[in-house]
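The chains referred to below are lettered A, B, ... by the order of the sequence lines, with proteins before strands, and numbering in each begins at 1. Quick caveat: nothing in here was measured; it's all calculated off a predicted structure.
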Number of protein chains: 2
Amino acid sequence: MGNKGEALRQRIIAAADELFYQQGYENTSFSDIADVVNISRGNFYYHFKSKDEILNAVIDARIAGIEAMLDEWDEKFADPLQRLYCYIDMLLRAQEEIRLHGCPIGSLCTELAKTSHAMLSDANKMFTVFRDWLMVQFKLLGVESNVKKMAMHFIARVQGIVTVTNAFEDKEFLQQEVKQLKKWLDDEVVFPKSSNQ
Amino acid sequence: MGNKGEALRQRIIAAADELFYQQGYENTSFSDIADVVNISRGNFYYHFKSKDEILNAVIDARIAGIEAMLDEWDEKFADPLQRLYCYIDMLLRAQEEIRLHGCPIGSLCTELAKTSHAMLSDANKMFTVFRDWLMVQFKLLGVESNVKKMAMHFIARVQGIVTVTNAFEDKEFLQQEVKQLKKWLDDEVVFPKSSNQ
DNA sequence: GTCTATATCGAGATAGAC
DNA sequence: GTCTATCTCGATATAGAC
């Protein structure tokens with residue numbers, strides 16, 4: 001493939017990614033994306049045969065983005081606890097986007113569960129990447145049992161915070177919950193009083 | 001209004017309620033609803049002038065339904081702790097619907113946050129009804145500070161469980177999280193070790 | 001009240017010129 | 001590769017007969 005065509009393809013994916021997050025998948029039309037990228041609707045179909053195909057490309061791009069981000073964190077922080085704090089602080093860094101549009105992963109899964117069940121199993125892989133990374137960090141911290149359950153629990157806690165922050169458009173709620181979540185990390189994961197779960 | 005017309009109106013609202021939950025709001029057409037109720041699309045507009053109007057009616061009906069359910073629980077259980085267990089067990093009772101369609105409140109708010117922001121403030125009132133009821137139960141249990149924060153935290157925990165259960169279509173996750181949530185209720189609310197939050 | 005048209009719009013998708 | 005038509009479908013909504 002030529003360099004120019006490949007670059008345009010990436011620009012389409014990036015535009016679709018953002019619009020799907022802000023407006024939802026079904027609610028975003030080809031025209032919306034085409035307007036952002038400044039191409040015609042017709043040209044669209046040279047790069048993607050269907051809307052499903054764009055969604056697939058967006059999911060793949062997001063997964064690659066998450067993996068790159070986690071690699072960066074691993075390099076930046078030697079201490080697994082610092083990495084986990086960095087994960088929680090992601091909520092603070094993205095709090096305005098979360099207030100307005102929720103979680104890019106969670107809200108997409110919620111939408112796909114209602115419309116196209118078939119693609120849900122692709123979308124939830126985004127969660128799986130985070131889950132597997134969390135499991136590694138927990139193990140490094142010395143947690144030996146229920147590591148997977150703990151990682152899923154962690155993800156659910158974050159999703160709950162995001163859903164409520166978004167529903168009430170309330171960043172203060174997010175901020176206070178972040179503090180509690182760090183407390184949970186310190187008390188239940190790093191220094192558990194008894195066997196967990 | 002005549003009795004027959006009023007009854008049909010209620011049937012339309014009930015059908016819309018269920019379809020909005022299963023398929024999402026935007027993704028549900030007048031035809032879908034009309035098919036269930038067995039009326040023509042045209043007849044629809046005699047009862048509701050627009051789709052927004054149906055959504056408003058559905059939200060009102062859901063709020064009335066939640067209030068009736070909570071009244072029932074209050075009557076059935078004298079002990080606030082039993083009432084809160086009943087609230088948590090709602091997850092188990094509805095686990096198959098949750099696996100398939102998520103939370104009727106949470107998923108609607110998530111959708112409206114992306115499409116029609118204007119109606120989000122109506123939709124999140126459904127959460128508020130639960131929140132206010134939770135606050136009453138916590139106070140009855142002797143909790144004196146951060147009652148509102150605790151109620152919001154509780155709701156977020158439930159939302160997180162539902163979002164992940166739905167995304168992974170995994171009822172086992174829901175079941176194990178229900179146990180943990182009851183443990184949280186016992187340890188942190190009923191017998192808090194120290195001042196909370 | 002309930003129905004059968006019908007109007008209007010915007011969506012996804014295709015064909016073919018350049 | 002990118003464009004301008006154009007097709008087809010299904011959505012909300014309206015008009016008017018019964």
K.L.:
Scan B/Asn166, B/Val164, B/Val162, B/Ile98 and name whichever one has a side-chain contact (heavy atoms from CB on, under 4.5 Å) with B/Leu174.
P.N.:
B/Ile98
K.L.:
Apply side-chain contact (heavy atoms from CB on, under 4.5 Å) to residues B/Ile66 and B/Trp133 and explain how you reach the verdict.
P.N.:
CA-CA 10 Å; B/Ile66 294 165; B/Trp133 178 84; over 6 Å; no
K.L.:
Report the residue (A/Ser31 or B/Gly42) whose heavy-atom-nearest nucleotide on DNA chain C is the more 5′ of the two.
P.N.:
B/Gly42
K.L.:
Grab the CZ-P distance between A/Arg11 and D/dG1 for me, whole Å please.
P.N.:
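Roughly 15 Å, once rounded to whole Å.
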K.L.:
On a heavy-atom basis, which atom in A/Ile105 and which in A/Ala123 lie closest, and how many Å separate them?
P.N.:
CG2-O, 4.4 Å
K.L.:
Answer yes or no for A/Lys51 and A/Tyr25: cation-pi contact, defined as NZ/CZ to six-membered ring centre under 6.0 Å and angle to ring axis within 45°.
P.N.:
yes
K.L.:
Taking the side chain of B/Phe30 as heavy atoms from C-beta outward, which of C/dT4, D/dC3, D/dA13 is closest to it?
P.N.:
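Among the listed nucleotides, the one closest to the side chain of B/Phe30 is D/dA13.
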K.L.:
Find out if a path of hydrophobic residues (ILVMFWY) with successive side-chain heavy-atom gaps under 4.5 Å connects A/Val158 to A/Leu100.
P.N.:
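No; tracing contacts between hydrophobic side chains, which count when under 4.5 Å, never links both residues.
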K.L.:
Provide a list of protein-nucleic acid N or O atom pairs under 3.5 angstrom, restricted to nucleotides 6-10 of chain C.
P.N.:
none

K.L.:
Starting at atom CG of A/Asp35, determine the distance to atom C1' of D/dT2, rounded to an integer number of angstrom.
P.N.:
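Interatomic distance, CG of A/Asp35 to C1' of D/dT2: 16 Å.
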K.L.:
Using a cut-off of strictly less than 4.0 Å between a heavy atom of the residue and any atom of DNA chain D, enumerate the qualifying residues of residues 43-57 of chain A by number.
P.N.:
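A/Asn43, A/Tyr46, A/His47, in order of number.
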K.L.:
Flag the pair A/Phe130 / A/Tyr87 as yes when their ring centroid distance falls below 6.0 Å, and as no otherwise.
P.N.:
yes
K.L.:
Under the criterion side chain to side chain donor-acceptor pair (under 3.5 Å), which of A/Glu97, A/His101, A/Glu96 is the partner of A/Arg99?
P.N.:
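When A/Glu97, A/His101, A/Glu96 are each tested with A/Arg99, the side chain to side chain donor-acceptor pair (under 3.5 Å) holds only for A/Glu96.
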K.L.:
What verdict does the ring pair (Phe, Tyr, Trp, His ring centres under 6.0 Å) test give for B/Tyr45 and B/Phe30, after you've listed the backbone C-alpha separation in whole Å, the side-chain angles of each residue and the deciding distance to 0.1 Å?
P.N.:
CA-CA 10 Å; B/Tyr45 290 85; B/Phe30 283 143; 5.1 Å; yes
